[in-house]
Amino acid sequence: MKIVALTGAGISRESGIPTFRGRGGFWEGTRPEELATPRAFFRDPEKVWRWYCWRREIISRARPNRAHEILAKMEREHQLWIITQNVDGLHQRAGSRRVIELHGNIWRLKCTSCGRTWEDPGACGKIPPRCPRCGALARPDVVWFGESLPTQALRKSFELAEWAEVFLVVGTSGLVQPAAELPFIAKGFGARVMVVNPERTPHADIAEVFIQDKATSGMEKVYELLQNKGPS
Ligand code: OAD
């Protein structure tokens with residue numbers, strides 16, 4: 001079966017990583033423009049880095065949960081790709097190989113001058129970090145508001161939305177474009193859409209199966225359903 005899973009912050013919630021919106025979310029009490037924009041970064045790089053270092057700390061303590069693991073298992077049993085909006089790397093740590101990171105990765109840095117990218121888990125030792133090649137200011141290699149998504153990742157995601165027979169949507173509010181558009185495209189190309197979320201989202205309205213549940217128990221149900229006979 002050709003399966004694509006679009007994941008958002010909700011899939012990592014049970015690993016102890018807060019989501020963005022809602023109570024206790026990363027954005028609570030903060031306006032995203034104050035932290036996650038190029039303008040905010042150049043105004044106060046240290047402040048923005050402090051926020052990312054705090055998130056790095058939370059993520060480094062987290063482990064993949066059952067939902068990440070089930071997706072990794074499904075990759076071994078089906079033709080499965082993951083498109084994630086998460087920057088935490090937990091899908092890869094769970095063993096998934098076919099992962100498209102639409103919003104970048106928090107462990108990677110990018111030079112604001114020469115554009116070089118590299119991984120540095122120790123980047124928070126001295127903030128703001130600098131590019132080892134040219135000495136310019138380094139930023140987290142994540143997508144900020146007002147920035148375009150990585151071209152290749154975006155192109156591949158649209159291709160996958162057309163390719164999928166089953167399109168799973170796990171733990172995303174469906175409020176951030178262009179990722180939020182992908183399930184609609186998949187549905188238009190004939191995929192059966194399955195949604196796992198404790199809350200009703202815009203994607204639930206087009207889902208053949210809406211599992212109103214947390215990611216871990218919801219993904220167990222998805223796995224069962226697909227084992228038996230597909231979503232219908
Ligand atoms: P949000 O914080 O917008 O939404 C999290 C979703 O997870 C909500 O729909 C919750 O109902 C759901 N949820 C909460 N707990 C859950 C659980 N245990 N299991 C499953 N679902 C659960 O996060 P995203 O939709 O991922 O972008 O946000 C999209 C983008 O907005 C992020 O990638 C980030 C943010 O601004 C950038 O930083 C560019």
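We use all heavy atoms of the structure for the numbers below, so side chains are in, but hydrogens, waters and symmetry mates are not.
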- Identify which one of Ile82, Val4, Leu6, Leu160 satisfies the side chain to side chain contact (heavy atoms under 4.5 Å, CB included) criterion when paired with Ile100. Leu160

- Quick check: does any side chain N or O of His68 sit under 3.5 Å from a backbone N or O of Thr216, one acting as donor and the other as acceptor? no

- According to a 4.5 Å side-chain heavy-atom criterion applied to Ile, Leu, Val, Met, Phe, Trp and Tyr, with indirect links allowed, do Phe189 and Val195 form part of one hydrophobic cluster? yes

- Task: May I ask you to say whether Lys221 pairs ionically with Glu224, meaning some side-chain N is under 4.0 Å from a carboxylate O?
- Result: no

- Item | Contact check, side chains of Cys131 and Ser113, non-hydrogen atoms, under 4.5 Å | no

- Item | From Asp88 atom CG to Ile17 atom CD1, the distance as rounded to the nearest 0.5 Å | 4.5 Å

- Query: Going through the distances and angles, do Arg133 and Cys111 end up as a side chain to side chain contact (heavy atoms under 4.5 Å, CB included)?
  - Reply: CA-CA 9 Å; Arg133 187 194 288 161; Cys111 177; over 6 Å; no

- Message: Could you check whether any side-chain heavy atom of Lys187 comes within less than 4.5 Å of a side-chain heavy atom of Ile206, counting everything from C-beta outward?
- Response: yes

- Message: Which residues pass the ring pair (Phe, Tyr, Trp, His ring centres under 6.0 Å) test with Phe210, not counting sequence neighbours?
- Response: none

- Task: State, with a plain yes or no, whether a side-chain heavy atom of Arg116 is found less than 4.5 Å away from one of Lys110.
- Result: no

- Does atom CZ of Arg63 have more than 12 heavy-atom neighbours, drawn from other residues, nucleotides or ligands, at distances under 6.0 Å? no

- Item | Shortest non-hydrogen contact between Pro18 and Gly24, atoms and distance | CB-O, 3.5 Å

- Are Lys214 and Glu14 close enough for a salt bridge, meaning some N to O gap below 4.0 Å? no

- Using the side chain to side chain contact (heavy atoms under 4.5 Å, CB included) rule, take Met194 and Leu226 through it: C-alpha gap first, then chi angles, then the decisive distance, then the call. CA-CA 11 Å; Met194 299 174 80; Leu226 293 178; 4.1 Å; yes

- Does a side-chain heavy-atom distance below 4.5 Å link Leu102 with Val143? no

- Query: Do other residues, nucleotides or ligands put more than 12 heavy atoms under 6.0 Å from Arg200 CZ?
  - Reply: yes

- Verdict with supporting geometry, Ser217 and Asp213, side-chain hydrogen bond (donor to acceptor under 3.5 Å, both in side chains): CA-CA 7 Å; Ser217 33; Asp213 203 345; 3.0 Å; yes

- Query: Which residues pass the disulfide bond (SG atoms under 2.5 Å apart) test with Cys53, sequence neighbours left out?
  - Reply: Cys124

- Query: Taking atom CG of Leu168 and atom OH of Tyr223, what is their separation to the nearest 0.5 Å?
  - Reply: 13.0 Å

- Task: Apply the test side chain to side chain contact (heavy atoms under 4.5 Å, CB included) to residues Arg21 and Leu175: give CA-CA distance (whole Å), side-chain angles for both, the deciding distance (0.1 Å), then the verdict.
- Result: CA-CA 10 Å; Arg21 296 168 183 81; Leu175 295 175; 3.8 Å; yes

- Can you check whether Trp107 reaches Ser60 side chain to side chain, under 4.5 Å on heavy atoms? yes

- Do Trp49 side-chain atoms and Ala138 backbone N/O form a donor-acceptor pair below 3.5 Å? yes

- Message: A side-chain contact here means heavy atoms from C-beta on lying under 4.5 Å apart; do Phe145 and Pro38 qualify?
- Response: no

- Message: Can a donor-acceptor pair be found, under 3.5 Å and without considering hydrogens, that links the side chain of Ser12 to the backbone of Ser15?
- Response: no

- Message: Quick one, Pro140 and Leu109 - any side-chain contact, counting heavy atoms below 4.5 Å?
- Response: no

- Message: For a 4.5 angstrom cut-off between non-hydrogen side-chain atoms, does Ile83 reach Val99?
- Response: no

- By side chain to side chain donor-acceptor pair (under 3.5 Å), which residues pair with Arg55, not counting sequence neighbours? none

- Item | Sequence neighbours excluded, every pair satisfying side-chain hydrogen bond (donor to acceptor under 3.5 Å, both in side chains) that has a member inside residues 154-173 | Gln85-Thr172, Gln152-Arg155

- Query: What is the minimum heavy-atom distance between Phe158 and Pro178, and which atoms define it?
  - Reply: CZ-CB, 4.3 Å

- Query: If you measure from CE on Met74 to CE on Met219, what distance do you get to the nearest 0.5 Å?
  - Reply: 5.0 Å

- Straight-line distance of Leu35 CG to Trp51 CH2, nearest 0.5 Å: 5.5 Å

- Task: Would you mind listing every side-chain hydrogen bond (donor to acceptor under 3.5 Å, both in side chains) that reaches into residues 134-151, with sequence neighbours excluded?
- Result: Tyr52-Trp144, Arg108-Asp141, Arg139-Glu147

- Candidates Ile127, Thr112, Leu137 - the one meeting side chain to side chain contact (heavy atoms under 4.5 Å, CB included) with Pro45: Leu137

- Could you tell me the separation between the CZ atom of Arg66 and the CD1 atom of Ile11, rounded to the nearest 0.5 Å? 12.0 Å

- What are the two closest non-hydrogen atoms of Phe184 and Pro202, and how far apart are they? CZ-O, 4.2 Å

- Query: Under the side-chain hydrogen bond (donor to acceptor under 3.5 Å, both in side chains) rule, what pairs show up with a residue in residues 89-102, not counting sequence neighbours?
  - Reply: Thr7-His91, Gln92-Glu101, Glu101-Asn105

- Query: Checking side chain to side chain contact (heavy atoms under 4.5 Å, CB included) for the pair Val222/Val196: CA distance, chi angles, key distance, verdict?
  - Reply: CA-CA 8 Å; Val222 166; Val196 178; 3.6 Å; yes

- Value rounded to 0.5 Å, distance of CD in Gln79 from CD in Glu75: 11.0 Å

- Return the minimal non-hydrogen interatomic distance between Pro183 and Val169, and the atom names on each side. CG-CG2, 3.8 Å

- Is Val176 reachable from Trp27 through a run of I, L, V, M, F, W or Y residues, each pair having side-chain heavy atoms under 4.5 Å apart? no

- Item | Salt-bridge contact Glu46-Arg50 (side-chain N to carboxylate O under 4.0 Å) | yes

